[in-house]
Every structure is written in structure tokens, then in C-alpha cells.
Undergrad: 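Please see the structure below; I have some questions.
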Amino acid sequence: MKSIYMDHSATTPVDPQVFSAMIPYFTDMFGNASSIHRQGRYAAQAVEKARGQVAALIGAAPSELIFTSGGTEADNQAIIGYLAGNPQKGKHIITSAIEHHAILHTCDFMVKQGYVVTVLPVTPQGIVEPEVLRSALRPDTALVSIMHANNEVGTIQDIQALAGLSHEAGAVFHTDAVQSVGKIPIDVKAMGIDLLSASSHKLYGPKGIGCLYCRQGLRINSLLHGGGHERNLRAGTVNVPAVAGFGAAAELAAQRLSDNTAHLKYLGRLLLQGITDTIPNVRLTGHPTERLPGSVSFCFDFVEGESMLLMLDNYGVMASSGSACTSGSLDPSHVLLALGLSHETAHGSLRLTLGKDNTAADVDYVLEVLPKIIEQLRLMSPLG
Ligand code: PLP
């Protein structure tokens, strides 16, 4: 049976070169990076090499990165850590309606700590308009957190403009760049980013490792209490094989960025065009041009997302409807609702996220089976 993976925004396979880079740190060089002896030094060297590789991918200095257990922890660390470390900065936070739950639920937690959160609306294409941010900023706004690229619909924000406005108002700017790091160019300095979250498993690295970029001079508190690892900002023995893998993945992503982008844009266009040409009553979700390369998302009228996924899976195609974290729940995606779609329409969502190993033949196959699946589901639907 065919096996076509088109769910790269959920996670990516570990690249074979990344896997090779990790292996020695499970076996021959198993040391604790805090140990003084030779084994410890090998491990510490691997961690510092990886820090340099990841920093280079986003234009940061290595000393500005803290390794975390992934994007979720980095998001929590950014928001809770910054606000706890700077209580004098004010009690107001701004975020957007289409953030990942790692941000939205952390903001809910901060409300319980006495903070006030403004959740900005987005345009029907998923853009946070700078003017909307400008009018929400207040003298007591401590932190603005707006994601770089959306995980469900791929829309990319104008981070430079949003960060600039935040700074004018005296607020610090965080971006959840879990979906964009390694996929589109990022330069934290040029873009004016103070805090940035990244996750290795979205860029062909291992799961369970990520990082927080924290601009030099910015004070944040640690979430975890324990040893003095990561400059006292993240207690706990460092997961050296995972860090080494993240570093290798970051270096490969930097080397391959332009080739991968061209490949994904080409396949994405074929897929998008093919779907709109062959299937009636379908609408693209997200922005038509300001979107992640290879991220294709639609809503099909009169079709239920879960059924679509199961039938695609029967044909060997792996995709998702909304984000992987919310699948299994019957609630429509908060992102699609924030774009102004109705509950019915949001239920018919499909996200196909392409990766470097997808081919034009994979796209042809999806274009062969998807129209049949949609037709069949519409025949069965009481809504059709
Ligand atoms: N933020 C965004 C935009 C994501 O897409 C994800 C994961 O899907 C996360 C945060 C959480 O990252 P992690 O899985 O590394 O905890």
C-alpha cells in the first residue's frame, strides 16, 4: 500500500544525517555535560556546537539560546519567565486569537496570576494587522506574543512591523516561531525579536528538544528549579543526543533552505491548483501568498474532517484536520473560527503539509484520490 506523509507541520521524520549525529552521544560519548572529566567535556562540546548551529539559523549569538524540552516549554518559559522576572513592567499582555494553545493556555494561566490579556482578532486570511496591535498597546503592556507562522493555515505575520510597534510602546516582543524556523529565513536582530520559541521536531530533528532565544540583556526567570544548567535558566541534566540532533538539523536546514523552499513552493502550487481545479465548493484557508511554503489548507463544504482523514489514511495518505494537538476533539479549530468561518465550514478542514521528501508523484496520487473521497462523502452527507 502507498504511504504518503503530508503532515509535516505536526512533525517531521528525523533526517538520517541528524540521526547519525546523535548516535555517538547515546553510546561512546554518553557523559553528563556538567561533568569535569573527559566524557563530560565531549558532551559539553557537543552542546556548545549545537548551540552555535541553532543560533546561526536564526541570526542569534549562541549565548542567547536556552535549550528546552520543545516549543511548548519555550513558550511557557518566554511568557511566564519574562513576566515573573520583570513584575514592574506592567500587568498587560497582548497575543492573537490564532496562537497555539501553548501560548493561549499560558496566557490563561497568567490571567489567574492577575494579568490582563488582550487577544487580537485576525483578518479572514489570518493576518494580525499592525494597526490593530497599535490600538491595543497600553502603557502597562509588558509583553506582546504573536506567532510567526500559523500551524493550521500557514499564514506568516509581518513580525518586523509588529515587533517595532511593541517596542515603541515599551513592550517586549515574543514570537512562537515553531512552524517557521528552518522553513523561512529568520534573523532575530533584523526582525527586532526579543524572545523566540523553536522546536527541533518540525525541522527533521528529534522530538522533545527545542529552544528559547532570549535577547542579550533581557531578564527572565527560570521555570524549573534545580541545578545551574543553561546559565541557571533551565535546571536539569541536558539531553545531549537530542541537542546534538537539533544542532545538526538546524545546520542542514540552513544549507537546504533555498532548495527546500523552491521544492515545497512548486509542489504546494501543484496541489493547490489541482484541488481547486477538480473539487467544487472548496475554499483555501489562510493567506493566498503570505504562507509557509508547502502548507496547503482547505475547507470543503458538506464534508466532515475526521471522515476525510480516515478515508485518506485508507488510501495511504497521512494528513490532518486542524492541528494534531486538537484532533480527537470534536470542537472546531479555534484558528478557523478566528478566521470567521462557521462551525460547519471549520469541520470540513483539511491540512496537507508537504516535506522535503514529497514528490510530484505524491501530489498526483493525492489529486487522484481526494476528489473521489470528497464526492463519496458528499453523497453520504445529510448536508450536501
Ligand atoms: N507552537 C506551535 C505553533 C506549534 O505548531 C507547536 C507544535 O505543533 C508548538 C508550539 C508546540 O511545540 P512542541 O511540540 O515542540 O512542544
Side-chain angles (χ1 to χ4, degrees), residues 5-14 18 54 58 65-81 95-109 119 122 126 128 145-157 159 162 174-184 186 193 195-213 223-224 234 236 239 242-243 245-246 249-250 253 285-287 291-292 294-295 297 318-329 333-336 338-339 349 351-355:
Y5 186 79
M6 288 197 183
D7 200 12
H8 291 84
S9 285
T11 197
T12 55
V14 172
V18 169
V54 178
I58 60 169
L65 293 196
I66 303 151
F67 286 115
T68 64
S69 66
T72 300
E73 185 186 321
D75 284 344
N76 276 261
Q77 172 74 72
I79 296 174
I80 302 171
T95 189
S96 87
I98 60 167
E99 299 297 313
H100 191 273
H101 283 138
I103 295 291
L104 293 177
H105 290 171
T106 304
C107 286
D108 291 345
F109 171 76
V119 179
V122 295
V128 177
S145 178
I146 309 283
M147 71 198 319
H148 190 195
N150 183 265
N151 45 307
E152 294 191 35
V153 296
T155 300
I156 299 170
Q157 307 297 337
I159 291 299
L162 300 170
H174 167 251
T175 189
D176 173 340
V178 165
Q179 289 293 341
S180 58
V181 169
K183 297 183 196 163
I184 53 176
I186 295 184
I193 298 165
L195 294 156
L196 173 146
S197 306
S199 180
S200 146
H201 74 104
K202 310 291 186 182
L203 50 132
Y204 305 95
K207 294 171 187 52
I209 186 78
C211 72
L212 177 67
Y213 156 76
L223 288 185
L224 301 181
R234 207 281 180 171
N239 183 348
V243 166
F246 187 14
T285 53
H287 198 278
R291 60 189 298 133
L292 285 174
S295 171
S297 56
M318 288 158 272
S320 80
S321 178
S323 78
C325 315
T326 53
S327 65
S329 125
S333 133
H334 68 281
V335 173
L336 299 176
L339 303 185
S349 74
R351 179 185 77 175
L352 295 158
T353 44
L354 300 161

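Order of listing sets the numbers, starting from 1, for every ligand and every atom in it. By convention here, the first residue in the shown sequence is residue 1.
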Undergrad: Does G71, backbone or side chain, put an N or O under 3.5 Å from an N or O of ligand 1?
TA: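 Min N/O separation from ligand 1 is below 3.5 Å for G71.
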
Undergrad: Is there a heavy atom of K207 sitting under 4.0 angstrom from any atom of ligand 1?
TA: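 No.
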
Undergrad: Does K202 have a heavy atom less than 4.0 Å from any atom of ligand 1?
TA: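 In this structure, K202 qualifies as a contact of ligand 1 - some heavy atom is under 4.0 Å.
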
Undergrad: Checking A338 now: which residues fulfil side chain to side chain contact (heavy atoms under 4.5 Å, CB included) with it, not counting sequence neighbours?
TA: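 Residues passing side chain to side chain contact (heavy atoms under 4.5 Å, CB included) with A338: A97, I98, V122.
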
Undergrad: Tell me the contacting part of E73 for ligand 1: side chain, backbone, both, or neither, using a 4.0 Å heavy-atom threshold, strictly below.
TA: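 The answer is neither.
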
Undergrad: Please identify which atoms of ligand 1 are closer than 4.0 Å to at least one heavy atom of T72.
TA: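 Counting atoms of ligand 1 from 1, those under 4.0 Å from T72 are 11 (C), 12 (O), 13 (P), 16 (O).
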
Undergrad: Using the side-chain hydrogen bond (donor to acceptor under 3.5 Å, both in side chains) definition, which of the options S333, S349, S297 pairs with S321?
TA: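 Going through S333, S349, S297 one by one, the side-chain hydrogen bond (donor to acceptor under 3.5 Å, both in side chains) with S321 is satisfied by S349 alone.
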
Undergrad: Can you list the ligand 1 atoms lying under 4.0 Å from a non-hydrogen atom of S199?
TA: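 Those of ligand 1 that fall under 4.0 Å from S199 are 13 (P), 15 (O).
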
Undergrad: Would you check if there is a donor-acceptor pair between the side chains of T11 and H201 at a distance under 3.5 Å?
TA: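 Yes - a donor-acceptor pair under 3.5 Å links their side chains.
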
Undergrad: Using a strict 4.0 Å cut-off to heavy atoms of M147, name the atoms of ligand 1 that fall inside it.
TA: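 Going through ligand 1 atom by atom, the ones under 4.0 Å from M147 are 3 (C).
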
Undergrad: Could you verify whether a donor N or O on one side chain and an acceptor N or O on the other, from T353 and S295, lie under 3.5 Å apart?
TA: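 Looking only at side-chain atoms, S295 and T353 do not form any donor-acceptor pair under 3.5 Å.
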
Undergrad: I'd like to know whether K202 forms a side-chain contact (heavy atoms from CB on, under 4.5 Å) with Q179, so could you lay out the CA-CA distance, the side-chain angles of the two residues, the decisive distance to 0.1 Å, and finally the verdict.
TA: CA-CA 7 Å; K202 310 291 186 182; Q179 289 293 341; 3.8 Å; yes

Undergrad: Apply side chain to side chain donor-acceptor pair (under 3.5 Å) to residues N151 and S9 and explain how you reach the verdict.
TA: CA-CA 6 Å; N151 45 307; S9 285; over 6 Å; no

Undergrad: State whether the shortest distance between N or O atoms of H201 and N or O atoms of ligand 1 falls below 3.5 angstrom.
TA: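 Yes, at least one N or O pair falls under 3.5 Å.
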
Undergrad: Nearest to atom 1 (N) of ligand 1 by heavy atom, D176, N151, N76: which?
TA: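 Of the listed residues, D176 has the closest heavy atom.
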
Undergrad: Please name all residues satisfying side-chain hydrogen bond (donor to acceptor under 3.5 Å, both in side chains) with H8, sequence neighbours left out, ordered by chain then number.
TA: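 For H8, no residue satisfies side-chain hydrogen bond (donor to acceptor under 3.5 Å, both in side chains) once neighbours in sequence are set aside.
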
Undergrad: Number the atoms of ligand 1 from 1 as they appear, then name those within less than 4.0 Å of a heavy atom of G70, with their elements.
TA: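 Counting from 1, the qualifying ligand atoms are 15 (O).
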
Undergrad: Ignoring hydrogens and geometry beyond distance, is a side-chain donor-acceptor pair present between D176 and S197 at under 3.5 Å?
TA: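 Result is no, nothing qualifies.
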
Undergrad: Would you mind telling me if ligand 1 is within reach of the side chain of D75, the backbone, both or neither, using heavy atoms under 4.0 Å?
TA: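 For D75, the contact with ligand 1 is made by the side chain alone.
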
